[in-house]
Amino acid sequence: MPNIFAISDLHLSFSADKPMNVFGSRWDHYEQRLMQNWQNTVAKDDVVLMPGDISGATYVKDAVCDFNYLEQLNGQKVISKGNHDYWWETLSKLNAFLQTNGFSTVQFVHNTTAVFGNVAVCGTKGYPETEQEPDNDEERKLYRRELLRLEHAICEAKKTGAEKTIVMLHYPPGANSASARAIQEAGADF
């Protein structure tokens, strides 16, 4: 069984003009530090869960440089959608992007499941939750859609028969939220 790591919010921008050092000099050359620490920690057969905000690209075709960077990193990378992943398209288009560019160490989960040994990994973006549904009709619609996606992803993970289920969410659920309850009721980890 491989080791499983998690990291999110890389906000890579090798081909987009969205440098992270606008948030301070500590972000200068963070990609080099990240790569060095990653390669020193993650083995080639390990799994790295990446719940969103991976690339600053607007379109997936503009994210090639960012995915080239990811491809150089050790391990199998499993990516789910974040709120700043504007490049995200349908799963079939994303898988075609991977295949066309020869990215063999990256896979996406979006209302789907990836299995590693006896562990099923599923995920969706989620929704910034409190203990109650949003009051606004549009926000409530988005909230309910993400909850349905989460429930579907967990159901798909359970169908695999894996002993353990890990749920990736970009937005951490509130402690007593509907998402947290769905995860706990399924006996999954997040």
Q: Would Ser179 and Ser177 count as having a side-chain donor-acceptor pair, cut-off 3.5 Å?
A: no
Q: Quick check on Asn40: does its CG atom have over 12 non-hydrogen neighbours (other residues, nucleotides or ligands) under 6.0 Å away?
A: yes
Q: Nearest 0.5 angstrom please: Trp88 CH2 to Ile54 CD1, how far?
A: 8.5 Å
Q: What distance separates Gln39 CD from Lys44 NZ, expressed to the nearest 0.5 Å?
A: 6.5 Å
Q: Would you call Val121 and Val47 a side-chain contact if the rule is heavy atoms closer than 4.5 Å?
A: no
Q: Please work out which of the three classes, parallel, tilted or perpendicular, describes the rings of Tyr171 and Tyr127, given edges at 30° and 60°.
A: tilted
Q: Is there a donor-acceptor contact under 3.5 Å linking the side chains of Thr124 and Glu146?
A: yes
Q: Locate the shortest heavy-atom distance separating Pro51 from Leu169; write the atom from each residue and the value.
A: CB-O, 3.8 Å
Q: Can you measure from CG (Leu94) to CG (Asp85) and round to the nearest 0.5 angstrom?
A: 9.5 Å
Q: For residues 103-111, tabulate all N or O donor-acceptor pairs below 3.5 Å that involve a side-chain atom, not counting sequence neighbours.
A:
{"residue": "Ser104", "atom": "OG", "partner": "Glu71", "partner atom": "OE2", "Å": "3.2"}
{"residue": "Thr105", "atom": "OG1", "partner": "Glu71", "partner atom": "OE1", "Å": "3.0"}
{"residue": "Thr105", "atom": "OG1", "partner": "Lys77", "partner atom": "NZ", "Å": "2.9"}
{"residue": "Gln107", "atom": "OE1", "partner": "Gln76", "partner atom": "NE2", "Å": "3.3"}

Q: Which atom pair, heavy atoms only, marks the closest approach of Asp66 to Gly56?
A: OD2-N, 4.1 Å
Q: For the CG atom of Leu150 and the SG atom of Cys122, what is their distance to the nearest 0.5 Å?
A: 7.0 Å
Q: Are the side chains of Ile154 and Val167 in touch, meaning some heavy atoms are under 4.5 Å apart?
A: yes
Q: Starting at CD of Glu139, measure out to CG of Leu142 and round the result to the nearest 0.5 Å.
A: 5.5 Å
Q: In terms of hydrophobic clusters joined by side-chain contacts under 4.5 Å, are Ile183 and Val115 together?
A: no
Q: Measure across His11 and His84 and return the closest heavy-atom pair with its distance rounded to 0.1 Å.
A: CE1-ND1, 3.5 Å
Q: Rounded to the nearest 0.5 Å, what's the gap from OG on Ser80 to CG on Asp53? Could you check?
A: 10.0 Å
Q: Testing the basics here: between Thr160 and Ala120, what is the closest heavy-atom pair and its distance to 0.1 Å?
A: OG1-CB, 3.6 Å
Q: Under 3.5 Å, is there a donor-acceptor pair between the side chain of Arg181 and the main chain of Asn176?
A: yes
Q: Ignoring hydrogens and angles, tell me if any N or O in the side chain of Asp62 forms a donor-acceptor pair with the backbone of Ala57 under 3.5 Å.
A: no
Q: Take Trp87 and Phe97, measure what ring-ring contact (aromatic ring centres under 6.0 Å, His included) needs, and give me the verdict at the end.
A: CA-CA 11 Å; Trp87 52 269; Phe97 166 77; 7.5 Å; no
Q: Determine, using the 4.5 Å side-chain heavy-atom cutoff (strictly less than), whether Met168 and Leu148 are members of one ILVMFWY cluster.
A: no
Q: Do Leu10 and Leu70 make a side-chain contact, defined as non-hydrogen atoms from C-beta onward lying under 4.5 Å apart?
A: yes
Q: Please say which of Val78, Asp45, Asp46, Ile166 ends up in a side-chain contact (heavy atoms from CB on, under 4.5 Å) with Phe116.
A: Val78
Q: Compare every heavy atom of Glu31 with every heavy atom of Tyr69, then report the nearest pair and how far apart it is.
A: OH-O, 2.6 Å
Q: Just wondering, do Gln32 and Gln36 contact through their side chains at under 4.5 Å, heavy atoms?
A: no
Q: Under the side chain to side chain donor-acceptor pair (under 3.5 Å) rule, what pairs show up with a residue in residues 94-103, not counting sequence neighbours?
A: none
Q: Which pair of heavy atoms, one from Leu73 and one from Met35, lies closest together, and at what distance?
A: CD2-CG, 3.8 Å
